Amino acid sequence: MTSPNAEKLHFTTKLAYGAGDFGPAIAANILVFYLLFFFTNVAGLPPGLAGSILMIGKISDAINDPIIGVLSDKTRSRWGRRLPWILGGIIPFAFCYVLQWFIPQFSDDSNVNQWGLFVYYVVIGILFNIAYTTVNLPYTALTPELTQDYNERTSLNSFRFSFSIGGSILSLILYILASIAYPDNPQLRFLILGFSCSFLGIIALLWCSLRIQEKGKNPILNLTQKKQLGMVLTGIGILGIVYVILRIIPGTSSLVGGNSQVDYISFFALLSSLLLLGFGCSLLLAKIEDHLVIQEVKQNRKDNQIESNLSFSQQLKIVFNNRPFLFVIGIYLCSWLAVQLTASILVYFVVSYMNLREDQSGLVALAVQGTALVMLFFWQVMCKKFDKKVVYFMGTGVWIIAQIGLFLLQPGQVFFMFILAIMAGFGVSVAYLIPWSMVPDVIELDELETGQRREGVFYAFMVLLQKFGLALGLFLVGVVLEAAGFVEQIPGQPLPTQPETALFAIRIAVAPLPAIILIMGLVLAYFYPITREFHAEIRLKLKEREQQQDNY
């Protein structure tokens, strides 16, 4: 048995693809770690009301996922099915993200104002989630469009999640620097963060959509246009880096408004410049991917895009009759429910239970994400030697130990807290890498059984069930905190002291509950049926079918 022809991707293609997850990641990471805290301790909402906002947003997000997934599958354009959605959603995504960090005043009556804020954040949350899905869901469905090689897909996802985790890390550094720059004005701090993350997201999403080419379709920019734009962006990026250097050098910093330190403005300018430089260089060095443009591929893509006569309910039936897909959904749900439950409650754990400053929560999150980024490359190497589910077992086992350790942690044990954060990063990296690298394998199994490719449907319903689970989890966290007597902070007032019942609820939510969910994920991973050998057999059968169709 021999494997089908490899479909290798150029480095600049992988780089641009990875950049596509930087924008959503840098924005979403601040939401995951600090939106609930922003609602309760900056906007002054009760935790139950704040949790309800998050639940409604997640449910609406889950509902729009399959709709946009199916629509992107049916999209026909000379640029392909996914890129037009990404390009069209960039500005709404950035605009709605900024609006989430405003605190409008609706009434002098605190109760009336709270309900006004509730309605405002629900509406903005729904609009943002629609925009987020518009750019992110078609992006995630690009993986099988770019390559069908088993190891190359893992490599592609490694680039993606390097940018994703890197964006998460950089967003936390931005938060820490913003906390230092605006220690007594949290409202301004979060608003500036909103503007900054939106701007960085725009650059990253443009980088992906203007550099990537879908299989059998025309790129948005031809090679000449890429070279021309690349020269302009590279020049702007270099000028930006020079500005940052002048800003932090003692002899020249005063000339450009700096203070000889790496402050928030300097760091943000450096990030923007590096993104523009990378964007420009990837366009200048862009090469044509032969396997994406050959005539045979174009014909196969045309054949695969013939409209299905199946109804929406029939498509759902086929999707959920795919047994390996159900395991992938479960693994992903357990992994990300554990991540987001811990992340949303972490700032309360650090501030209220460990009695540390608010910016210390950013350092703890940074330890988790930084370790996850480093371990991502280690797990990629391990995936070449072991099946994906074996790698998932390795990382998640260490993660579970870390979660249990958090519950046993006592105030003042700061060193051990950071050790446990590093251990958690071992597992968080497999939560990024493994489930998403399983999805293309499942899609090809469906193609073998049905003769159709429905990437958008599979990706959409994977995320749909995950978001319903997260909606319930975040809602319960808010309700449990309020039932446990959690005291929200009044805007402009000192941080209140929390009762023991609220502190115990925080400890349960940050440690044992995620650990139980992760154990459930391990059980599902154990029964996941697609091994490396099984996937090679799927690819060979698909290749044989293509050859038979060509001969016919």
Side-chain angles (χ1 to χ4, degrees), residues 140 143-144 150-151 153-158 160-161 164-165 319-343 368 371-372 375-405 423-446 458-459 461-470 472-473 511-538:
T140 60
T143 306
Y150 185 88
N151 289 328
R153 283 176 174 175
T154 303
S155 174
L156 197 61
N157 276 296
S158 295
R160 173 191 171 185
F161 293 120
S164 180
I165 299 175
V319 166
F320 288 104
N321 280 339
N322 188 312
R323 183 168 169 267
F325 177 63
L326 299 181
F327 283 106
V328 175
I329 288 176
I331 294 167
Y332 183 57
L333 172 60
C334 292
S335 300
W336 280 100
L337 187 53
V339 169
Q340 297 217 17
L341 280 178
T342 305
V368 176
T371 305
M375 291 302 299
L376 197 62
F377 301 100
F378 172 77
W379 295 129
Q380 181 186 351
V381 173
M382 298 301 289
C383 281
K384 294 180 180 179
K385 299 181 179 179
F386 303 99
D387 281 340
K388 295 171 183 176
K389 65 180 182 180
V390 174
V391 175
Y392 182 80
F393 261 84
M394 294 177 183
T396 306
V398 180
W399 189 4
I400 291 172
I401 296 172
Q403 293 294 139
I404 296 173
M423 290 176 62
F426 279 67
V428 171
S429 58
V430 298
Y432 279 96
L433 181 62
I434 299 304
W436 283 111
S437 64
M438 290 176 170
V439 179
D441 306 339
V442 171
I443 291 172
E444 286 176 342
L445 177 61
D446 176 69
F458 277 96
Y459 279 103
F461 281 92
M462 177 179 175
V463 177
L464 178 145
L465 295 185
Q466 179 249 1
K467 287 177 179 176
F468 270 122
L470 289 178
L472 179 61
L513 184 58
I516 293 171
I517 295 170
L518 288 173
I519 292 172
M520 294 169 59
L522 289 180
V523 174
L524 293 170
Y526 179 80
F527 290 102
Y528 177 68
I530 299 182
T531 61
R532 183 186 303 272
E533 292 76 16
F534 187 18
H535 178 262
E537 184 179 345
I538 293 171

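The first residue in the sequence is number 1, and the count goes up from there. Since we're looking at a predicted model, the values are computed, not measured.
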From CA spacing to verdict: side-chain contact (heavy atoms from CB on, under 4.5 Å), Phe527, Leu326 = CA-CA 11 Å; Phe527 290 102; Leu326 299 181; over 6 Å; no

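Closest non-hydrogen pair, Cys383 versus Ile434, comes out as SG-CD1, 3.7 Å. When every heavy atom of Leu445 is checked against every heavy atom of Pro324, the shortest pair comes out as CD2-CG, 3.6 Å. Pairing each heavy atom of Ala431 with each of Val339, the nearest pair is CB-CG2, 4.5 Å. Taking each heavy atom of Pro435 and Val430 in turn, the nearest pair found is CD-O, 3.3 Å. Nearest heavy-atom pair, Asp441 versus Tyr528, reported as atom, atom and distance to 0.1 Å: CB-OH, 4.3 Å.
Environment of CE in Met520: sparse, with no more than 12 heavy atoms of neighbouring residues, nucleotides or ligands closer than 6.0 Å.
Take Leu513 and apply the side-chain contact (heavy atoms from CB on, under 4.5 Å) test, not counting sequence neighbours, and it matches Leu341, Ile517.
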Cut-off 3.5 Å, no hydrogens considered: what does the side-chain donor-acceptor table look like for residues 392-399, sequence neighbours left out?
from	atom 1	to	atom 2	distance (Å)
Tyr392	OH	Ser335	OG	2.8
Thr396	OG1	Tyr392	O	2.8
Trp399	NE1	Gln403	OE1	3.1

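Checked by atom type and distance alone, the side chain of Trp379 never pairs as donor or acceptor with a backbone atom of Ala372 at under 3.5 Å.
Here the side chains of Cys334 and Leu522 are not in contact, with every heavy-atom distance at 4.5 Å or above.
Met438 contributes atom CE, which lies 4.5 Å from atom CD1 of Ile331 (distance to the nearest 0.5 angstrom).
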